[in-house]
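Below: one structure, written as structure tokens.
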Amino acid sequence: MKKIILLGYMGCGKSTIAKTLSKKLQLPFVDLDDYIIEKSKMSIQTIFEELGEIQFRKMEHEALIALLALDQTIIIGLGGGTPCYANNHELLKAEHVESVYLKASIATLFERLFTNKSKRPLIAHMDQEQMKEFIATHLFERSYFYNQAKHIVSVDEKSVEQTVLDIEAVLA
Ligand SMILES: Nc1ncnc2c1ncn2[C@@H]1O[C@H](COP(=O)(O)OP(=O)(O)OP(=O)(O)O)[C@@H](O)[C@H]1O
Ligand SMILES: O=C(O)C1=C[C@@H](O)[C@@H](O)[C@H](O)C1
Ligand SMILES: [Mg+2]
């Protein structure tokens, strides 16, 4: 069964876009971070603080394997780092997977993340300048993995509705 996967940097809009896409395509949507929260009964911040990032990455890898194996066509919104750890980017090359990289510029990401950083442990403690520098470096490091998606959709200066239309077009 097909899996439509949205991936990209924190704040690129995976969760937001997936909700609208899910209504439009009449397909269930599972957010990988929410799935981990539900299974572990812990918030992402608590997992990072109490178990550490390495344990989070293991939980994330197992959650991805479990969702890809579901006998159901669904939309999955990945965590920002998911394609960049374990062999997750290889799992995304499977034939039944349609992966879509929601590509956002540093400026777009900064604008969306600065006002909304508290639930994102990697950036929660940063000031404006630190965050700009962090996003630039981190996005550069991660782009190698993101660019292996089967489809790339740019999200800069687009409404949620426009991005959803663009995703539908690449999936058609
Ligand atoms: N055109 C737009 N498309 C998507 N999100 C937008 C747009 N304009 C503003 N936003 C805001 O940007 C933020 C995107 O965050 P969202 O949680 O969807 O990203 P994410 O990729 O799921 O991040 P994370 O990897 O941290 O889970 C939201 O606060 C959303 O309301
Ligand atoms: O970019 C990342 O590494 C992360 C993004 C979020 O979706 C969460 O999965 C977590 O905060 C880590
Ligand atoms: Mg999200």
Side-chain angles (χ1 to χ4, degrees), residues 4-24 28-40 42-67 74-86 88-89 91-92 99-126 130-131 133-147 149 152-168:
I4 298 171
I5 305 246
L6 302 185
L7 62 99
Y9 200 76
M10 285 179 281
C12 71
K14 299 175 294 292
S15 306
T16 309
I17 299 295
K19 278 175 199 146
T20 303
L21 186 68
S22 151
K23 281 193 198 123
K24 236 178 140 181
F29 161 53
V30 185
D31 190 286
L32 193 69
D33 285 332
D34 290 345
Y35 181 86
I36 295 167
I37 292 166
E38 200 185 300
K39 290 279 167 198
S40 66
M42 292 168 92
S43 70
I44 303 289
Q45 301 97 290
T46 310
I47 299 173
F48 267 72
E49 279 164 27
E50 294 185 5
L51 308 179
E53 182 173 353
I54 292 173
Q55 184 58 27
F56 173 76
R57 296 301 172 193
K58 283 188 187 153
M59 293 160 81
E60 180 179 49
H61 178 60
E62 276 154 26
L64 179 64
I65 290 174
L67 291 181
I74 55 170
I75 301 169
I76 306 170
L78 298 187
T82 314
C84 317
Y85 292 89
N88 296 341
H89 70 291
L91 300 178
L92 300 180
S99 51
V100 183
Y101 170 26
L102 301 182
K103 187 171 182 177
S105 67
I106 297 166
T108 299
L109 294 170
F110 176 76
E111 194 183 303
R112 292 188 190 168
L113 288 171
F114 194 67
T115 48
N116 209 339
K117 61 179 180 175
S118 62
K119 286 192 177 163
R120 294 175 168 102
L122 292 174
I123 54 170
H125 58 284
M126 292 182 190
Q130 285 171 318
M131 200 195 283
E133 200 171 318
F134 179 80
I135 293 172
T137 310
H138 208 207
L139 180 63
F140 177 76
E141 288 164 359
R142 287 182 164 188
S143 292
Y144 168 79
F145 297 98
Y146 295 155
N147 279 314
I152 300 180
V153 168
S154 166
V155 301
D156 292 329
E157 281 155 48
K158 283 185 196 160
S159 63
V160 173
E161 291 70 26
Q162 185 58 53
T163 302
V164 168
L165 285 173
D166 291 356
I167 294 171
E168 288 181 284

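Indexing begins at 1, ligand by ligand and atom by atom, following the structure's order. Residue numbers count from 1 along this sequence.
Within the 4.0 Å heavy-atom cutoff, E53 does not count among the residues contacting ligand 2. Within the structure, the closest approach of M59 to ligand 2 does not fall below 4.0 Å when heavy atoms are considered.
Taking every non-hydrogen atom of Y9 and a distance limit under 4.0 Å, the qualifying atoms of ligand 1 come out as 21 (O). Close approach of ligand 2 to M10 (heavy-atom distance below 4.0 Å) involves ligand atoms 1 (O), 5 (C). Near V160, meaning under 4.0 Å from one of its heavy atoms, ligand 1 places the atoms 1 (N), 2 (C), 3 (N). Remark: ligand 1 atoms within the under-4.0 Å shell around heavy atoms of M10 are 23 (O), 24 (P), 25 (O), 26 (O). Of all atoms in ligand 1, numbered sequentially from 1 with element shown, those under 4.0 Å from a heavy atom of G80 are 25 (O). The ligand atoms of ligand 2 that sit less than 4.0 angstrom from a heavy atom of G79 are 7 (O), 9 (O). For ligand 2, the atoms sitting less than 4.0 Å from at least one non-hydrogen atom of L122 are 1 (O), 2 (C), 3 (O), numbered in the order shown with element in parentheses. Atom numbering of ligand 2 starts at 1 in the shown order; those under 4.0 Å from a heavy atom of I44 are 10 (C), 11 (O). Taking a cut-off of under 4.0 Å to the non-hydrogen atoms of S159, the atoms of ligand 1 that pass are 1 (N).
For R120, no nitrogen or oxygen atom sits less than 3.5 Å from a nitrogen or oxygen atom of ligand 2, counting backbone and side chain alike. Checked against a 3.5 angstrom limit, the closest N/O atoms of H138 and ligand 2 fall outside it. Any N or O atom pair closer than 3.5 Å counts here, and G81 shares at least one such pair with ligand 2.
The proximity of D33 to ligand 1, defined as any non-hydrogen pair under 4.0 Å, is limited to the side chain. Using a 4.0 Å cut-off between heavy atoms, R57 contacts ligand 2 through its side chain alone, with no backbone atom that close. Counting heavy atoms closer than 4.0 Å to ligand 1, residue R120 contributes side-chain atoms (C-beta onward) but none from N, CA, C or O. Proximity of F56 to ligand 2, defined as any heavy-atom pair under 4.0 Å, is confined to the side chain (atoms from C-beta onward).
The two residues L67 and I74 have their closest heavy-atom pair at O-CD1, 4.3 Å.
The closest protein non-hydrogen atom to atom 5 (C) of ligand 2 is G80 N, 3.3 Å. Shortest contact from atom 7 (O) of ligand 2 to any protein heavy atom: D33 OD2, 2.6 Å. When only non-hydrogen protein atoms are considered, atom 1 (O) of ligand 2 lies nearest to R142 NH1, 2.7 Å.
For the residues G11, C12, G8, the heavy atom positioned nearest atom 23 (O) of ligand 1 is part of G11.
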